[in-house]
Undergrad: 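Sending over a structure as structure tokens; questions will come in a sec.
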Amino acid sequence: MPELPEVETIVRGLQRPLENRRVVRARLRPTGLYRRSSLRVGWLVGRRIVRVERVGKNAVFRFDPPGIMTVNLGMTGQLLLFSSNDPGHTAPKKHLHGRFCLEGNLELRYYDARRFGYIYVAPSCDFAKDLHIGPDPFQCDARYLKKNLEGRKAPIKSLLLSQRIVSGLGNIYADETLFDARVDPRTRGGRAVARSRRILSSARRILERAIVHRGSTIRDYRQPDGAEGGFQHLHAVYGRKGQPCVRCGTPIKKIVLSGRGTHFCPSCQS
DNA sequence: AGCTTCGCCTGCTTGC
DNA sequence: TGCAAGCAGGCGAAGC
């Protein structure tokens with residue numbers, strides 16, 4: 001599932017090929033993939049992509065004349081790049097929902113098997129207001145996190161998953177972060193305030209390492225050129241139920257927390 | 001208001 | 001072996 005490191009990798013892979021190219025044709029179906037109140041992608045035709053960037057878990061495309069498209073990949077979304085004058089490329093059609101043809105015979109395709117992703121097209125976007133997302137772990141400090149955990153009763157894991165406080169963490173990296181910080185995922189937010197600094201620095205460390213390894217491919221995630229990520233081999237807890245903790249050897253436990261599979265070491269996370 | 005659960009959706013895994 | 005139920009989960013909406 002594309003979280004911050006995966007989206008960062010995708011965005012970096014798209015910047016050079018896409019920036020400064022004009023949209024020649026754009027199509028997206030079904031309309032259920034649009035976020036409420038979004039314009040249709042046809043509105044982008046004739047506009048030039050001036051910048052590709054990441055905001056939380058969203059890939060964001062900025063255009064001139066002014067316009068913006070945000071892509072949230074949900075669980076199984078993919079943004080793949082094809083050269084339309086390369087007859088050898090065999091692009092699957094299954095789950096292909098979006099096609100963006102650009103100058104220079106480039107085609108950006110949007111695939112999403114489960115269709116949990118969504119796309120938002122608008123003249124401009126206020127991310128906090130329109131997408132309900134807060135700063136990512138690289139954009140906030142421990143004081144901010146502390147302030148937002150105070151008095152909260154929900155488990156720290158659930159609070160980290162909420163994109164409103166801190167954006168970018170999903171199920172994999174929330175588990176990995178809390179393991180790194182040695183914090184039990186069931187700890188109530190208010191009880192984790194004193195460990196805000198450690199949690200934040202763990203999040204940054206984990207995310208940086210994951211970016212270096214180009215994200216985690218569990219099943220669907222791919223880079224724009226179709227390659228898999230490599231960080232899945234370095235997970236300490238996610239997907240390691242029953243296997244020995246890399247720190248203390250205790251079997252990793254898997255529980256359900258706020259409806260999410262949650263992996264942790266019952267011995268060294270407290 | 002804060003927190004949890006539900007529904008969306010498909011494909012892989014599990015169990016009979 | 002084959003089929004159906006179970007499970008996975010990001011996110012918004014609904015429910016408590």
Side-chain angles (χ1 to χ4, degrees), chain A residues 1-8 10 28-38 54-60 70-79 92-98 110-120 125-134 136 145 147-178 185-193 207 210 215-222 228 232 235 237-242 252-264:
Chain A
M1 47 229 102
E3 306 177 27
L4 187 151
E6 289 76 27
V7 179
E8 180 68 27
I10 290 168
L28 180 69
R29 263 189 212 171
T31 54
L33 289 171
Y34 286 106
R35 192 191 168 84
R36 195 179 45 181
S37 81
S38 170
R54 177 191 59 74
V55 177
K57 296 184 201 173
N58 299 275
V60 175
T70 74
V71 181
N72 185 304
L73 297 167
M75 281 191 57
T76 54
Q78 300 175 331
L79 283 171
K93 290 240 162 47
K94 201 172 185 191
H95 305 308
L96 170 62
H97 302 304
Y110 177 69
Y111 291 83
D112 190 354
R114 278 174 235 187
R115 305 211 292 273
F116 279 11
Y118 60 84
I119 286 178
Y120 180 63
C125 177
D126 178 333
F127 295 104
K129 198 154 71 76
D130 301 333
L131 297 182
H132 314 123
I133 60 176
D136 70 35
L145 184 59
K147 207 179 77 185
N148 281 278
L149 294 182
E150 274 167 9
R152 302 296 291 265
K153 289 195 166 60
I156 181 68
K157 161 87 183 275
S158 310
L159 295 171
L160 290 181
L161 285 180
S162 150
Q163 303 296 297
R164 312 180 82 112
I165 299 177
V166 166
S167 63
L169 294 176
N171 211 35
I172 296 174
Y173 298 108
D175 282 1
E176 294 296 323
T177 291
L178 291 173
R186 298 165 293 190
T187 309
R188 289 169 184 260
R191 293 269 186 190
V193 167
L207 294 172
S216 305
T217 297
I218 303 300
R219 180 164 302 158
D220 299 282
Y221 162 67
R222 293 291 183 282
E228 299 187 356
Q232 65 277 10
H235 292 168
V237 286
Y238 186 85
R240 294 195 65 245
K241 175 186 172 185
I252 296 302
K253 206 167 159 183
K254 182 178 180 186
I255 60 171
V256 175
L257 204 51
S258 306
R260 308 296 144 123
T262 298
H263 313 72
F264 68 105

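All values below were derived from every heavy atom in this structure, side-chain atoms included, with hydrogens, water molecules and symmetry-related copies excluded. Letters go in sequence order (proteins before strands), and every chain restarts at 1.
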Undergrad: With a 4.0 Å cut-off on heavy atoms, is A:Gly32 in touch with a base, just the backbone sugar-phosphate, or nothing at all?
TA: nothing
Undergrad: Between A:His235 and A:Tyr173, how do the two ring planes meet: parallel, tilted or perpendicular, split at 30° and 60°?
TA: perpendicular
Undergrad: Please confirm whether the ring centroid of A:Tyr238 lies under 6.0 Å from the ring centroid of A:His263.
TA: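 Distance test on ring centres: under 6.0 Å, yes.
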Undergrad: Whether A:Gln163 contacts C:dC11 is assessed here as follows: a side-chain N or O lying under 4.0 Å from the phosphate OP1 or OP2. Is that the case?
TA: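 Answer yes for this pair, as a side-chain N or O of A:Gln163 is under 4.0 Å from OP1 or OP2.
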Undergrad: For A:Tyr110, is there any backbone N or O sitting under 3.5 Å from a side-chain donor or acceptor partner on A:Gln78?
TA: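 Answer holds: no.
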Undergrad: Remember a base hit wins even if backbone is also touched, and classify A:Tyr238 as base, sugar-phosphate or nothing at under 4.0 Å, heavy atoms.
TA: sugar-phosphate
Undergrad: Distance check needed: C:dC11 P versus A:Leu33 CG, whole Å only.
TA: 15 Å
Undergrad: Any base atoms under 4.0 Å from A:Met75, or only sugar-phosphate, or nothing? Heavy atoms, all strands.
TA: base
Undergrad: When the distance from CD1 of A:Ile218 to P of B:dT13 is rounded to whole Å, what number comes out?
TA: 13 Å
Undergrad: Tell me the interatomic distance from A:Leu73, atom CG, to C:dG9, atom C1', rounded to whole angstroms.
TA: 14 Å
Undergrad: Counting primed atoms plus P, OP1 and OP2 as sugar-phosphate and everything else as base, spell out the protein contacts along nucleotides 2-12 of chain B at 4.0 Å heavy-atom distance: B, S or - for each nucleotide, 5' to 3'.
TA: SSSB--BBBSS
Undergrad: For A:Gly261 and A:Asp175, which heavy atoms make the closest approach, and how far apart are they?
TA: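 Nearest pair, atom of A:Gly261 first, then A:Asp175: O-OD2, 3.9 Å.
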Undergrad: Rounding to 10 degrees, work out the angle separating the end axes of the helix from B:dG2-C:dC16 to B:dC16-C:dG2 (five pairs an end).
TA: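 Roughly 60°, once rounded to the nearest ten degrees.
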Undergrad: Can a side chain N or O of A:Arg164 be found less than 4.0 Å away from OP1 or OP2 on C:dC11?
TA: no
Undergrad: What distance separates A:Leu160 CG from A:Leu149 CG, expressed to the nearest 0.5 Å?
TA: 7.5 Å
Undergrad: Round to a whole Å and report the spacing from CG of A:Asp130 to P of C:dG12.
TA: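 Atom-to-atom, A:Asp130 to C:dG12, this comes out as 12 Å.
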Undergrad: Tell me: CG of A:Leu161 to P of C:dA8, nearest whole Å?
TA: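 Those two atoms, CG and P, are 15 Å apart.
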Undergrad: Return the value, rounded to whole Å, for the distance between atom NZ of A:Lys129 and atom P of C:dG12.
TA: 15 Å
Undergrad: Check whether A:Glu3 reaches the backbone of A:Lys57 with its side chain - one donor and one acceptor, N or O, closer than 3.5 Å.
TA: no
Undergrad: For A:Arg35, look at atom CZ and say whether over 12 heavy atoms of other residues, nucleotides or ligands are found less than 6.0 Å away.
TA: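 Yes, enclosed.
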Undergrad: Is there a side-chain contact between A:Lys241 and the phosphate of C:dA8, meaning an N or O under 4.0 Å from OP1 or OP2?
TA: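 False: A:Lys241 side-chain N/O out of range (4.0 Å or more) of C:dA8 OP1/OP2.
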Undergrad: Could you check whether A:Arg188 gets within reach of a base, just the sugar-phosphate, or nothing at all, counting any heavy atom under 4.0 Å?
TA: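 Contact class for A:Arg188: none.
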Undergrad: CD of A:Glu3 versus P of C:dG10: gap in Å, rounded?
TA: 6 Å
Undergrad: Atom NE2 of A:His263 and atom C1' of C:dA8: how far apart are they, to the nearest Å?
TA: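 In whole Å, C:dA8 C1' lies 10 Å from A:His263 NE2.
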Undergrad: Mark yes or no for whether A:Glu6, through its side chain, and A:Ser216, through its backbone, hold a donor-acceptor pair below 3.5 Å.
TA: yes
Undergrad: Across the strands shown, which category fits A:Asn72 at heavy-atom distances under 4.0 angstrom: base, sugar-phosphate, nothing?
TA: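 Sugar-phosphate: the residue A:Asn72, judged by heavy atoms under 4.0 Å, touches backbone atoms but no base.
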Undergrad: Between A:Arg54 and A:Asp136, is the closest basic N to carboxylate O distance under 4.0 Å?
TA: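 Here A:Asp136 pairs with A:Arg54 in a salt bridge, since their nearest N and O are under 4.0 Å apart.
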Undergrad: Is a side-chain donor or acceptor of A:Gln163 paired with a backbone partner of A:Ile133 at a separation under 3.5 angstrom?
TA: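 The answer is no, because no donor-acceptor pair under 3.5 Å joins these two groups.
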